[in-house]
Amino acid sequence: MVIKFSSGTSDFAELSTTPSAYLVDKSLFIRELFLELDKVVLLPRPRRFGKTLNMSMLCNFLSNPDSRPWFEKLKINNYPDIMAHLGQHPTIFLSFKDAKQKTYPDMLAYLAEVMSETYGKFRHLLNDLEPDQKNYFHKILEGKAEPSALNRSLFKLTHWLKEATGKLVWVVLDEYDAPIHSGWQYDYYSDIVSFMQSYLGAAFKDNSYLYRGVMTGILRVSRENIFSGLNNVSVYSMLSPKYGEYFGFTDPEIDLICELGEFQQERENIRTWYNGYQIGEIQLYNPWSIVSYAIDRALKPYWVNTSNNMIVKKLIAQSGWRIKKAFEQLMLGENVLVTIDEHAVLPGVDGAGAEVIWSFLLFSGYLKVLSCELGEGTYFNVRVAIPNEEIRRLYQSQLSHLFPSTYSAETYLDMLQAFTHGEVARFSNYLKAYLASSMSYFDAGAEEPERFYHGFVLGILVALKETHWVRSNRESGGGRYDVLVIPKDKNNLGIILEFKVADSESEQDMSQAIQKALAQIEKLNYEAELKDLGINNILKLAIVFHKKQMILKAV
């Protein structure tokens with residue numbers, strides 16, 4: 001039988017009833033939820049990690065008696081005690097995935113529309129309601145409720161469902177934080193947080209009509225902002241091993257996909273491009289990228305092209321030199337130890353401390369966890385790395401895109417070519433122009449400015465990874481060089497870079513700093529490592545900076 005892969009639907013019923021469509025079996029996720037002790041479960045995961053499909057599967061299991069044939073084919077059928085729940089639970093399913101409105105009134109109108117559609121699925125409840133309840137129901141149904149009424153609409157629906165069925169209600173909310181992200185992006189964060197606090201608090205806090213609430217999103221939004229007073233929420237983030245295997249594809253699942261899709265020969269390339277996420281001991285692949293590859297049969301970025309990655313560019317551009325230095329290490333294939341705050345608050349991303357930036361990048365899927373230990377307070381000490389080739393290319397493109405619009409990709413590549421070919425004057429002209437036009441993106445500051453310029457140049461050189469090894473602050477000869485660029489082809493040019501910051505932009509100070517840098521290269525024999533590798537064609541570059549001024553000299 002020919003297996004069909006589809007990236008266009010997150011509807012469990014549609015996939016289960018489409019002939020030859022392939023569905024990765026995540027049904028034991030349902031069993032885990034029934035074994036859960038707390039009433040409310042929050043599962044933050046990156047975009048396109050199968051959240052909506054899992055929520056659709058859960059809702060079909062809980063409330064659709066006709067879904068039994070679909071689940072009898074899955075692993076959950078091995079648990080008769082759980083299968084006894086199939087189709088037995090009143091369930092409310094909502095998704096805020098389209099909450100992208102630019103103003104608070106538009107966002108309230110969108111949420112009113114979602115609740116109108118949700119109430120529309122339960123029109124039969126009107127038969128048992130009192131007149132005032134019917135009036136409220138119709139206002140929600142018609143999208144005419146005031147915010148003060150709208151924020152209790154989810155709670156009231158659980159009440160009426162419980163009264164009508166005699167059973168406790170499940171509430172399944174997909175992409176719960178999408179309105180909050182839009183509020184942050186378009187400057188109505190405090191308004192939407194205030195609304196969501198009332199809306200979610202009413203539905204999930206001390207709700208005697210609730211069996212269980214299940215929420216997915218991208219970030220855990222701080223308890224103090226959204227879940228204030230809600231002490232019955234279990235949060236399982238990318239740092240929590242529980243539920244780890246249910247979002248994303250595991251190695252055995254990828255093996256089977258490769259076999260069914262008949263592309264086993266690409267198995268290792270698929271690992272390089274799309275593997276790398278880790279929760280506990282479980283290695284995970286991005287499902288969107290895997291399915292997209294199975295359809296196109298081409299190794300290329302898929303996931304990173306599904307949304308605007310401007311925030312990544314913004315975070316890198318506005319971060320301090322320590323974070324830029326860590327990015328250098330990451331781009332060179334190394335890992336770094338960072339502090340992660342599970343309670344990161346979105347407004348803190350602008351001008352944030354390092355822990356908020358790293359937390360955003362980790363929980364959004366731009367980094368992977370190698371190890372994790374509890375640190376001070378509620379912080380975690382986490383060793384992170386770039387997950388895979390797909391994300392590495394995103395970082396590379398975002399770093400190169402920090403060039404002003406006048407610097408096209410062609411110009412950028414021409415600058416790198418001038419550098420690797422030893423065309424010092426041409427490279428110097430490019431670097432001076434870039435420094436002069438893009439310093440507004442960065443903040444050299446007064447704190448160790450040499451480190452800033454060091455990171456500034458390294459950020460340009462990360463694109464050489466395919467043809468060169470770029471090493472930073474390593475021992476060679478009698479000291480530690482700033483940057484060593486080692487060609488993978490030993491016949492090509494090896495380059496030593498030494499950076500200095502002049503006391504002023506006067507010709508005398510700049511010249512003295514240049515001489516000092518060149519003398520240091522020679523005195524400490526920085527070329528030793530290159531010669532040990534059999535590279536004899538060596539260029540020694542001294543670069544001196546003062547604010548936007550720069551001079552470069554080679555020997």
Side-chain angles (χ1 to χ4, degrees), residues 43-49 51 177 181 217-220 235-241 244 247-249 271-289 301-320 322-344 346 348-349 352-375 379-399 455 458-459 462 465:
L43 298 160
R45 290 295 186 276
R47 292 177 295 105
R48 307 286 187 170
F49 255 65
K51 299 189 296 292
D177 56 344
H181 284 269
I218 294 176
L219 293 180
R220 170 184 182 159
V235 182
Y236 299 102
S237 73
M238 298 284 281
L239 302 180
S240 307
F247 297 87
F249 293 161
R271 183 189 304 276
T272 299
W273 268 85
Y274 308 118
N275 187 23
Y277 299 97
Q278 185 164 330
I279 298 181
E281 299 298 320
I282 300 167
Q283 289 283 321
L284 294 169
Y285 296 68
N286 184 314
W288 176 267
S289 299
Y302 293 104
W303 180 77
V304 298
N305 293 325
T306 61
S307 76
N308 186 345
N309 292 296
M310 179 61 68
I311 192 167
V312 178
K313 174 180 175 179
K314 185 176 180 180
L315 288 174
I316 296 171
Q318 294 184 348
S319 61
R322 287 188 177 87
I323 293 177
K324 288 188 175 70
K325 180 68 177 176
F327 269 111
E328 296 160 19
Q329 294 176 256
L330 292 169
M331 290 298 297
L332 294 174
E334 301 174 7
N335 59 70
V336 297
L337 186 64
V338 302
T339 301
I340 297 296
D341 179 11
E342 276 199 309
H343 298 266
L346 276 171
V349 173
E355 69 279 355
V356 176
I357 293 175
W358 294 122
S359 301
F360 176 88
L361 293 172
L362 174 63
F363 295 136
S364 299
Y366 296 102
L367 294 170
K368 71 173 178 180
V369 176
L370 298 180
S371 65
C372 176
E373 295 181 355
L374 184 62
Y379 291 141
F380 289 87
N381 297 322
V382 181
R383 192 161 292 280
V384 299
I386 293 176
N388 50 45
E389 179 65 12
E390 184 176 36
I391 303 301
R392 187 191 71 80
R393 291 186 179 225
L394 167 70
Y395 282 131
Q396 181 176 313
S397 69
Q398 293 305 314
L399 287 173
L458 269 178
V462 293
K465 186 176 180 180

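Expressed to the nearest 0.5 Å, how far CZ of Phe49 lies from CE of Met238 amounts to 5.5 Å. Distance check: Tyr302 OH to Asn286 CG gives 12.0 Å after rounding to the nearest 0.5 Å. Distance CG/Asn275 to OH/Tyr285: 4.0 Å, rounded to 0.5 Å. Separation of atoms CH2 (Trp358) and CG (Leu337) is listed at 11.0 Å; rounding is to 0.5 Å.
Using a distance-only test at 3.5 Å, with no hydrogens or angles considered, no donor-acceptor pair links the side chain of Lys51 to the main chain of Pro44. Judged purely by atom type and a 3.5 angstrom limit, Tyr277 uses its side chain to pair as donor or acceptor with the backbone of Gly365.
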### Task
Could you walk me through whether Arg393 and Trp273 pass side chain to side chain contact (heavy atoms under 4.5 Å, CB included), step by step?
CA-CA 10 Å; Arg393 291 186 179 225; Trp273 268 85; 3.5 Å; yes
### Task
Decide side chain to side chain contact (heavy atoms under 4.5 Å, CB included) for Leu367 and Leu330; before the verdict, give the C-alpha distance in whole Å, the side-chain angles of both, and the deciding distance to 0.1 Å.
CA-CA 10 Å; Leu367 294 170; Leu330 292 169; 4.0 Å; yes
### Message
Would Phe380 and Thr339 count as a side chain to side chain contact (heavy atoms under 4.5 Å, CB included) here? Give the steps.
### Response
CA-CA 6 Å; Phe380 289 87; Thr339 301; over 6 Å; no
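Across every non-hydrogen atom of Gln278 and Glu281, the tightest pair is NE2-CA, 4.5 Å. When all heavy atoms of Leu284 and Phe247 are compared, the closest pair comes out as CD1-O, 3.4 Å. Taking every heavy atom of both residues into account, Tyr236 and Arg45 meet most closely at O-NH1, 2.8 Å. Here the closest heavy-atom approach between residue Ser364 and residue Pro46 is recorded as O-CB, 3.5 Å.
Evaluated for a side chain to side chain contact (heavy atoms under 4.5 Å, CB included) with Leu239, the options Ile279, Val369, Leu374 yield exactly one hit, Val369.
For an aromatic pair to be called close, the ring centres must be under 6.0 Å apart, and Phe249 with Tyr274 fails this. Taking the centre of each ring, Trp303 and Tyr366 come in below the 6.0 Å mark.
By the side chain to side chain contact (heavy atoms under 4.5 Å, CB included) test, Leu370 is found to be paired with Asn335, Lys368, Arg383, Ala385, residues two or more places apart in sequence or in another chain being considered.
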